[in-house]
Student: 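Take this structure first; my questions come after.
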There are 2 protein chains.
Amino acid sequence: MAEDAHSTLTRRIRDAILTGEFVASQRLVEADLTARFGASRSAVRLALVNLANEGLVERLPNRGARVRSISVDEAVEIVEVRAGLEALCARKAAEQLGDEDAEELRALRDAIESAVRGGDLIGYSELIQELDRRIREYSEHVTAGRLLEQLHAQSARHQFRLAFAPGRAATSLAQHLAIIDAVLARDPDAAERATREHLGDVAAILAALG
Amino acid sequence: MAEDAHSTLTRRIRDAILTGEFVASQRLVEADLTARFGASRSAVRLALVNLANEGLVERLPNRGARVRSISVDEAVEIVEVRAGLEALCARKAAEQLGDEDAEELRALRDAIESAVRGGDLIGYSELIQELDRRIREYSEHVTAGRLLEQLHAQSARHQFRLAFAPGRAATSLAQHLAIIDAVLARDPDAAERATREHLGDVAAILAALG
DNA sequence: GTCCGTCGAATTGTCGACGATCTGTCAGAC
DNA sequence: GTCTGACAGATCGTCGACAATTCGACGGAC
């Protein structure tokens, strides 16, 4: 993932999709993107191919690209896969947590608790994402990490809907604290179990909402 | 995955990598591939980008592409991830196995047993791959299936070395039969457990061999 | 009113050429 | 003998033009 021109463009289009600037199923015409981002058509094409491989964009031969819309069934599938991968990462993280990592994790735990106490749902949601990222990092599992990053990007929109499900914050908080505590306790089994439990709930709620 | 020209080229280059025609770390110069496959440079470029996204090829900015070589550590990681995903698929397959699927699976079981009895290691290896493919199919889990396909391709070479580890066939056979029987018995827990057990062994052996 | 074939605009796919970047080599200074 | 800097070859990155395809609009036949 170098920082040259086409990577930047890929990132810019990805951001536009993730922030909802381009809505689901919207057509992404190469000429339009060329004008909008001031890049050449080759660069746009390359970016679209990359995003198609990431699963954010759908490319039909001779018919152009569009923002891929993810069905509820597929969102559930993604959460099921995430459960397996994040459980693996949580386990590894618990096994090999360094002392300074533990310090960071405790600080994050405090931040999460105070965000919830303050009723800051947006901040809470961001901190949870940070938590996921940290656990991936501590696990040092690059293969799982790479796949998880893709899956997160794909289901970003569904995540969002989930955050505001009524009464969700309380159980979500408890589950995340359980994950953190298991990792801090260096207990791999508990970390894996807590992660699975949490994502099992997420899958169930997603399926019910759909 | 349409069947137009550039997809075909992507597949052809992928096959060349998987069959060992292009060895690990070998440089893939665009001009050479252009001549060899009779395609234009754009097509070659696109194929390389796709393969890079699949993880089979490594592309360094301004320095070209080469066949990505996968370290033993990474091969172990891949098997760990596969364990999670294949366990999920085995579970789903066990949950929703159709009667005609069961029939096919029984036939495959017989074929596997007779391959081992006949000492046909190559045939056995192919049948095991077929088994994996079938379980993915029965699980109807497209997300997990797509990721597994990528991971299989990446670790194809290491798979190969594994098949000829001394005394491996016997335990491998027992483990695969256990997976098949659990799925046939429509027992999701057993199917997941048997799959994890098998891949846990594979990871251990890979790590030891490295 | 409906069906069918033709035509044209919009859009993607392909190509070859040009410019930019990297790598290795070689001469010269010290 | 070693180091430095310029040069040249190889290779990738970018661009604009042209060809191929799709899709909708239009008009005529029945």
Side-chain angles (χ1 to χ4, degrees), chain A residues 1-17 20-70 146 154, chain B residues 1-17 20-70 146 154:
Chain A
M1 301 288 175
E3 295 301 306
D4 50 61
H6 93 261
S7 281
T8 303
L9 182 59
T10 302
R11 180 152 31 80
R12 286 215 283 162
I13 298 180
R14 180 177 23 229
D15 287 349
I17 293 173
E21 210 162 333
F22 296 143
V23 300
S25 293
Q26 177 174 343
R27 284 195 62 190
L28 299 173
V29 176
E30 295 178 2
D32 295 352
L33 299 177
T34 295
R36 166 156 193 179
F37 293 105
S40 78
R41 234 191 61 170
S42 325
V44 169
R45 260 178 103 66
L46 210 66
L48 289 177
V49 170
N50 278 319
L51 293 172
N53 279 312
E54 284 178 28
L56 263 88
V57 158
E58 192 177 21
R59 261 165 54 90
L60 299 131
N62 282 312
R63 298 186 52 202
R66 61 182 58 219
V67 179
R68 196 158 87 89
S69 71
I70 286 170
R146 188 157 30 92
Q154 286 181 29
Chain B
M1 304 287 175
E3 294 304 303
D4 49 64
H6 93 258
S7 282
T8 302
L9 182 58
T10 302
R11 182 152 31 80
R12 286 215 283 163
I13 298 180
R14 183 181 18 235
D15 288 348
I17 293 173
E21 210 162 335
F22 295 144
V23 301
S25 293
Q26 178 174 344
R27 284 195 63 190
L28 300 173
V29 177
E30 294 179 2
D32 295 351
L33 300 177
T34 296
R36 166 157 194 179
F37 293 106
S40 78
R41 236 190 72 182
S42 324
V44 170
R45 255 179 109 64
L46 210 64
L48 290 177
V49 170
N50 279 318
L51 293 172
N53 279 313
E54 284 178 27
L56 262 90
V57 159
E58 191 178 22
R59 262 166 51 89
L60 300 140
N62 282 312
R63 300 187 50 202
R66 60 182 58 219
V67 178
R68 196 159 86 88
S69 72
I70 286 171
R146 186 157 31 91
Q154 286 181 29

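Letters A, B, ... are given to chains in the order of the sequence lines, protein chains preceding strands, and every chain is numbered from 1.
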Student: Considering non-hydrogen atoms only, spot the tightest contact between A:Glu54 and A:Thr10 and give its length.
Tutor: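 Answer, listing the atom of A:Glu54 first, then A:Thr10: OE2-CG2, 4.4 Å.
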
Student: Output the residues of residues 23-35 of chain B in contact with DNA chain D, where contact means a heavy atom of the residue under 4.0 Å from an atom of the strand; sort by number or write none.
Tutor: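 The answer is B:Arg27, B:Leu28, B:Val29, B:Glu30.
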
Student: Polar atom pairs between nucleotides 17-23 of chain D and protein, under 3.5 Å, N or O only, would you list them?
Tutor:
from	atom 1	to	atom 2	distance (Å)
D:dC23	OP1	A:Arg63	NE	2.5
D:dC23	OP1	A:Arg63	NH1	3.4
D:dC23	OP1	A:Arg63	NH2	3.2

Student: So which atom in B:Gly55 and which in B:Gln154 form the shortest heavy-atom distance, rounded to 0.1 Å?
Tutor: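 Smallest interatomic distance, heavy atoms only, reads CA-NE2, 3.7 Å.
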
Student: Should A:Val44 and A:Phe37 be marked as a side chain to side chain contact (heavy atoms under 4.5 Å, CB included) after you check the CA-CA gap, both sets of side-chain angles, and the distance that decides it?
Tutor: CA-CA 9 Å; A:Val44 169; A:Phe37 293 105; 5.8 Å; no

Student: What is the distance, to the nearest angstrom, from the CD atom on B:Glu58 to the P atom on D:dC12?
Tutor: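 Atom-to-atom, B:Glu58 to D:dC12, this comes out as 14 Å.
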
Student: Starting at CG of A:Leu9 and ending at P of D:dC15, how long is that distance when rounded to a whole Å?
Tutor: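 After rounding, the gap between these two atoms is 11 Å.
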
Student: In whole Å, I'd like the distance from the CG atom of A:Leu46 to the P atom of C:dG13.
Tutor: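 Spelled out: CG on A:Leu46 to P on C:dG13 is 13 Å.
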
Student: Before giving the answer on side chain to side chain contact (heavy atoms under 4.5 Å, CB included), spell out for A:Leu28 and A:Val67 the whole-Å C-alpha distance, their side-chain angles and the decisive distance to 0.1 Å.
Tutor: CA-CA 7 Å; A:Leu28 299 173; A:Val67 179; 4.0 Å; yes

Student: What do the steps show when you test A:Phe22 against A:Val57 for side chain to side chain contact (heavy atoms under 4.5 Å, CB included), and what is the final call?
Tutor: CA-CA 11 Å; A:Phe22 296 143; A:Val57 158; over 6 Å; no

Student: Apply side chain to side chain contact (heavy atoms under 4.5 Å, CB included) to A:Val29 and list each qualifying residue two or more places apart in sequence or on a separate chain.
Tutor: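 Only A:Arg27, A:Ala31, A:Asp32 meet the side chain to side chain contact (heavy atoms under 4.5 Å, CB included) criterion with A:Val29.
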
Student: Checking B:Ile17 against B:Gln26 for the side chain to side chain contact (heavy atoms under 4.5 Å, CB included) test, could you report, in this order, the C-alpha distance in whole Å, the side-chain angles of both residues, the deciding distance, and whether it holds?
Tutor: CA-CA 10 Å; B:Ile17 293 173; B:Gln26 178 174 344; over 6 Å; no

Student: Touch check for A:Ser42, heavy atoms < 4.0 angstrom, all strands: base, sugar-phosphate only, or nothing?
Tutor: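 Base contact.
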
Student: Check whether any side-chain heavy atom of B:Leu33 lies under 4.5 Å from a side-chain heavy atom of B:Glu30, and answer yes or no.
Tutor: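 Not in contact.
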
